[in-house]
2 protein chains.
Amino acid sequence: MSVILRPSQALRLWQRVSVAEVRAEAHDLSLRQMAILLTVYLDPPPHTVRGLAARLGVTKPVVTRALDTMGAMKLLSRHRDEKDRRNVLVRRTVEGALYVERFGDGIIAAAAGLPM
Amino acid sequence: MSVILRPSQALRLWQRVSVAEVRAEAHDLSLRQMAILLTVYLDPPPHTVRGLAARLGVTKPVVTRALDTMGAMKLLSRHRDEKDRRNVLVRRTVEGALYVERFGDGIIAAAAGLPM
DNA sequence: ATTGAACGGTACGGTTCCGAAACGATCGGA
DNA sequence: TCCGATCGTTTCGGAACCGTACCGTTCAAT
């Protein structure tokens, strides 16, 4: 059961969610930050800096900086991998889970009110 | 006929499109820029700087700068309103229409492959 | 003709991000 | 015990963006 969207619906959905996010000015995450955040929350762990960089096709410092920013926002947390202390494991937080959940609700609400 | 999405589907959709955009690094628009672009392309004209700022709940310089950036990318164009020369009208461009169309296709493709 | 309001743009100092390169810490095999 | 490879982080100069405040133009009403 795939989700079928027509072009006008797809773009309208994206507009509604974007405008709502800008108006709410909750966190003002960049597209890269959002991609990292959702990957951590949706893809199965563990998540390393290098793994995330490879997944998104960006350099390591990009991921490090995004983790700095979102870490300060308490959306994610970092922990040393005790098995291999070179690695840093990125984990979810309670605040982050709440933020992601609400963001998903926003998408659903925007989709529900979409004209056919 | 509204579009029904479940939470996991909504978030997965956003992740797929975000990751694809980051990987493609086509234009790297911020959330604000995307909201402005889609509003110009989806809402009925005319679009003024002040009107867009009010629509998104941001200040004028934010819109001006976004128009500078996306104007340089040829995604939008500015024109003086000849009826009231204080106004600047924001208009679509061929390149912008193409970009928006492809972006919509990306959303549709991501939605179509969504697990139930 | 003058004045006040409305419009978009600009100047400013500060913050954040960028990519490339170098760095220290850690691991694993010779 | 080295020593190369693999981590994540930091540094660097440069670019983009932020919000506040101010500026020049244009309109409309007096």
Side-chain angles (χ1 to χ4, degrees), chain A residues 18-19 21-37 39-40 43 45-92, chain B residues 18-19 21-37 39-40 43 45-92:
Chain A
S18 297
V19 170
E21 275 302 294
V22 170
R23 295 199 66 95
E25 53 184 331
H27 276 306
D28 194 28
L29 299 181
S30 72
L31 192 66
R32 286 176 163 186
Q33 292 170 333
M34 183 60 72
I36 291 173
L37 183 68
T39 295
V40 170
D43 286 4
H47 299 287
T48 64
V49 173
R50 209 171 200 78
L52 289 170
R55 175 93 163 85
L56 301 184
V58 297
T59 60
K60 285 182 297 174
V62 167
V63 177
T64 293
R65 282 186 292 255
L67 294 181
D68 288 344
T69 303
M70 292 192 289
M73 294 172 177
K74 312 262 191 194
L75 297 179
L76 292 171
S77 64
R78 276 191 268 215
H79 305 272
R80 275 284 164 198
D81 182 356
E82 291 304 327
K83 305 293 181 60
D84 182 345
R85 295 187 54 76
R86 288 174 302 182
N87 288 334
V88 163
L89 302 180
V90 183
R91 292 215 290 255
R92 311 170 189 177
Chain B
S18 297
V19 170
E21 275 302 295
V22 169
R23 294 198 68 94
E25 56 184 327
H27 276 306
D28 195 27
L29 299 181
S30 72
L31 192 66
R32 287 176 163 187
Q33 292 170 333
M34 184 59 73
I36 291 174
L37 183 69
T39 296
V40 170
D43 285 4
H47 300 288
T48 65
V49 172
R50 219 175 195 76
L52 289 169
R55 174 93 161 87
L56 302 184
V58 298
T59 60
K60 283 181 301 173
V62 167
V63 177
T64 293
R65 281 186 292 254
L67 294 182
D68 289 343
T69 303
M70 292 192 288
M73 295 173 177
K74 312 264 191 192
L75 297 179
L76 292 172
S77 63
R78 276 191 268 216
H79 305 271
R80 274 285 163 197
D81 181 356
E82 290 305 327
K83 304 294 180 60
D84 183 343
R85 297 187 52 78
R86 289 174 302 183
N87 288 334
V88 163
L89 302 180
V90 183
R91 292 215 291 256
R92 311 170 190 177

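Order of the sequence lines sets the chain letters (A, B, ...), proteins ahead of strands, with each chain counted from 1.
OP1 and OP2 of D:dA16 both lie 4.0 Å or more from every side-chain N or O belonging to B:Gln33. The side chain of A:Arg32 places an N or O atom within less than 4.0 Å of a non-bridging phosphate oxygen (OP1 or OP2) of C:dC18. The phosphate of C:dC17 (OP1 or OP2) has a side-chain N or O of A:Thr69 nearer than 4.0 angstrom. When the side-chain nitrogen and oxygen atoms of A:Thr64 are compared with OP1 and OP2 of D:dT9, one or more of them lie within a distance under 4.0 Å. Residue B:Thr59 places at least one side-chain N or O closer than 4.0 Å to OP1 or OP2 of D:dG19.
Rounded to the nearest 0.5 angstrom, B:Leu29 CG and B:Leu37 CG are separated by 6.5 Å. The structure places CG of A:Leu31 at 7.0 Å from CE of B:Met34, a figure rounded to the nearest 0.5 Å.
With contacts defined as side-chain heavy-atom distances shorter than 4.5 Å, the pair B:Leu75/B:His27 qualifies. Counting only heavy atoms from C-beta outward, the side chains of A:Leu67 and A:Thr64 never approach each other to under 4.5 Å.
Every residue was checked against the salt bridge (charged side-chain N to carboxylate O under 4.0 Å, His left out) condition with A:Arg32, not counting sequence neighbours, and none meets it.
Atom NE2 in B:His79 sits roughly 12 Å away from atom P in C:dG9 (whole-Å rounding). One can place CG of B:Asp68 at 17 Å from P of D:dA15, the figure rounded to the nearest angstrom. Atom CG in B:Leu67 sits roughly 16 Å away from atom C1' in D:dA16 (whole-Å rounding). Nucleotide D:dG8 holds its P atom 13 Å from the NE2 atom of A:His47, rounded to whole Å. Nucleotide C:dC17 holds its C1' atom 13 Å from the CE atom of A:Met73, rounded to whole Å. As rounded to whole Å, 15 Å separates atom C1' of D:dT9 from atom CG of A:Leu52. Straight-line distance from the CZ atom of A:Arg50 to the P atom of D:dC7: 5 Å, rounded to whole Å. Rounded to a whole Å, the CZ atom of A:Arg65 is 10 Å from the C1' atom of C:dA20.
By the neighbour-count criterion of 12 heavy atoms within 6.0 Å, atom CZ of A:Arg78 is densely surrounded, having more than that number from other residues, nucleotides or ligands.
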Close N or O pairs between protein and nucleotides 21-28 of chain C (under 3.5 Å):
residue: C:dC27; atom: OP1; partner: A:Arg85; partner atom: N; Å: 2.9

Verify side-chain contact (heavy atoms from CB on, under 4.5 Å) between B:Met70 and B:Ile36, making sure each step is shown before the conclusion. CA-CA 10 Å; B:Met70 292 192 288; B:Ile36 291 174; 3.9 Å; yes
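Across all strands, B:Val63 comes closer than 4.0 Å to no nucleic acid atom at all (heavy-atom distances). Within the nucleic acid shown, A:Ser30 has no heavy atom closer than 4.0 Å to any nucleic acid atom.
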